[in-house]
Amino acid sequence: MRLLLVEDDDHVAAALSAVLARHGFTVVHARNGEEALQALLPAGAPPFGVVLLDLGLPDQDGYEVCGKIRKRTSTPVIMVTARADVRSRIHGLNLGADDYVVKPYDTGELLARIHAVSRRTAPGEEAAGAGDSTVRLGEVSIELPTRRVSVAGTPVQLTRKEFDLLALLAQRPGVVFRREQIISEVWRTSWEGTGRTLEVHVASLRSKLRMPALIETVRGVGYRLVVPAP
């Protein structure tokens, strides 16, 4: 997923960009509001999945930038700022921001919010295309409404959790899903002991689909679904 980071502090931007890159994001850094708006303009450029917008910009207030972004695009905007008072939060959300994160923040929480906002705003678009209920990844076909999976036309029987896990990863092919996020969304729990269960389900999926390379382990982070070569 492409992500637009609007942050005037180069040190903060560099550190955050490195973390986001490790989790599968392609980060474009804008140092002020004008650069951010220009980055959103080019015709034919791949769309951004999320905009992380700092409010303390040197050329114009972040609230103003948010308003302009919302007039040009429906791209999700997460405000990231030290302004923690309720009035500032309400003002930002009323301007069209999809979420509001206060500095200092936990990186894991920020990543979870990015994924949550992108799913709410455009669920499944990157994987299946708008309005399509079937995800196709090479020879793998995932029918979301009927919960059917096939490989090269041959049906594959999956358990409920195996299907939920595969469907989650297929929402964002190539994007790394953190173990904590997968456990939270598939098993609806934060219990650490579920980690071993996740590993077992990943191994089972690889075996049943007969495509061990389809689900890649990102050591120390989580898993991502690799798009098969044509």
Side-chain angles (χ1 to χ4, degrees), residues 1-127 130 171-178 180-181 221 224:
M1 182 200 306
R2 293 179 80 231
L3 184 149
L4 179 59
L5 173 60
V6 189
E7 170 62 62
D8 64 317
D9 189 318
D10 286 343
H11 294 292
V12 172
L16 182 54
S17 295
V19 172
L20 293 169
R22 287 199 299 271
H23 286 79
F25 294 96
T26 299
V27 181
V28 175
H29 177 209
R31 294 173 175 80
N32 55 55
E34 187 58 33
E35 286 186 12
L37 296 173
Q38 290 298 321
L40 290 166
L41 282 178
F48 289 102
V50 173
V51 176
L52 291 184
L53 176 62
D54 181 34
L55 296 184
L57 301 175
D59 60 337
Q60 51 190 305
D61 189 80
Y63 289 129
E64 182 181 352
V65 176
C66 180
K68 292 177 179 178
I69 290 175
R70 191 49 68 234
K71 290 178 181 179
R72 301 183 185 194
T73 176
S74 59
T75 301
V77 176
I78 299 178
M79 290 184 172
V80 184
T81 176
R83 304 178 193 179
D85 60 285
V86 174
R87 181 174 297 180
S88 294
R89 293 175 185 238
I90 293 174
H91 184 48
L93 295 172
N94 284 340
L95 284 173
D98 296 87
D99 205 345
Y100 194 105
V101 178
V102 177
K103 298 178 180 179
Y105 50 80
D106 177 79
T107 304
E109 180 184 0
L110 178 62
L111 288 165
R113 287 175 180 266
I114 291 172
H115 285 297
V117 165
S118 62
R119 285 196 307 276
R120 283 202 310 266
T121 308
E125 285 187 6
E126 291 187 7
Q171 288 180 12
R172 303 282 178 184
V175 173
V176 180
F177 284 77
R178 298 174 65 248
E180 296 87 347
Q181 180 190 359
V221 182
R224 66 178 162 198

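Every value quoted in this text rests on a predicted model; they were computed, and no experiment measured them.
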Taking every non-hydrogen atom, the tightest pair across [X] and [Y]:
X      : Y      : answer
Val176 : Arg22  : CG2-O, 4.3 Å
Ala84  : Val102 : CB-CG1, 3.7 Å
Ala39  : Phe48  : O-CE1, 3.5 Å
Leu55  : Arg83  : O-NH2, 3.7 Å
Gly108 : Asp106 : N-OD2, 3.0 Å
Gly96  : Cys66  : C-SG, 4.3 Å

Subject >> Trace of the side-chain contact (heavy atoms from CB on, under 4.5 Å) decision for Tyr63 with Thr81 >> reply: CA-CA 11 Å; Tyr63 289 129; Thr81 176; 6.0 Å; no
Original post:
What do you reckon, is CZ of Arg72 surrounded by more than 12 foreign heavy atoms closer than 6.0 Å?
Top reply: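 It does: Arg72 CZ has more than 12 such atoms within range.
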**OP:** Please report the C-alpha distance between Leu37 and Ile69 in whole Å, then the side-chain angles of each, then the deciding distance to 0.1 Å, and finally whether the side-chain contact (heavy atoms from CB on, under 4.5 Å) criterion is met.
**Re:** CA-CA 7 Å; Leu37 296 173; Ile69 290 175; 3.9 Å; yes
**OP:** Test side-chain contact (heavy atoms from CB on, under 4.5 Å) on His91 and Arg87 and set out the steps.
**Re:** CA-CA 6 Å; His91 184 48; Arg87 181 174 297 180; 5.5 Å; no
Subject >> Residue pair Met79, Asp99: steps toward the side-chain contact (heavy atoms from CB on, under 4.5 Å) verdict >> reply: CA-CA 6 Å; Met79 290 184 172; Asp99 205 345; over 6 Å; no
Please round to the nearest 0.5 Å and tell me the distance separating atom [atom1] of [X] and atom [atom2] of [Y].
X     : Y      : atom1 : atom2 : answer
Glu7  : Leu57  : CD    : CG    : 8.0 Å
Ile78 : Tyr105 : CD1   : OH    : 10.5 Å
Asn94 : Arg89  : CG    : CZ    : 14.0 Å
Leu16 : His29  : CG    : NE2   : 9.5 Å
His23 : Arg224 : NE2   : CZ    : 11.0 Å

Are [X] and [Y] close enough that some pair of their side-chain heavy atoms sits under 4.5 Å apart?
X      : Y      : value
Leu95  : Arg70  : no
Leu110 : Leu52  : yes
Val80  : Asp54  : no
Arg178 : Leu111 : yes
Val50  : Met1   : yes

Original post:
With under 30° as parallel and over 60° as perpendicular, where do the rings of Phe177 and His115 fit, or are they tilted in between?
Top reply: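 If you compare the ring of Phe177 with that of His115, the planes turn out parallel.
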Original post:
Ion pair present between Asp98 and Arg113, side-chain N to carboxylate O less than 4.0 angstrom?
Top reply: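 Between Arg113 and Asp98 there is no salt bridge, as every charged N stays at least 4.0 Å from the carboxylate O atoms.
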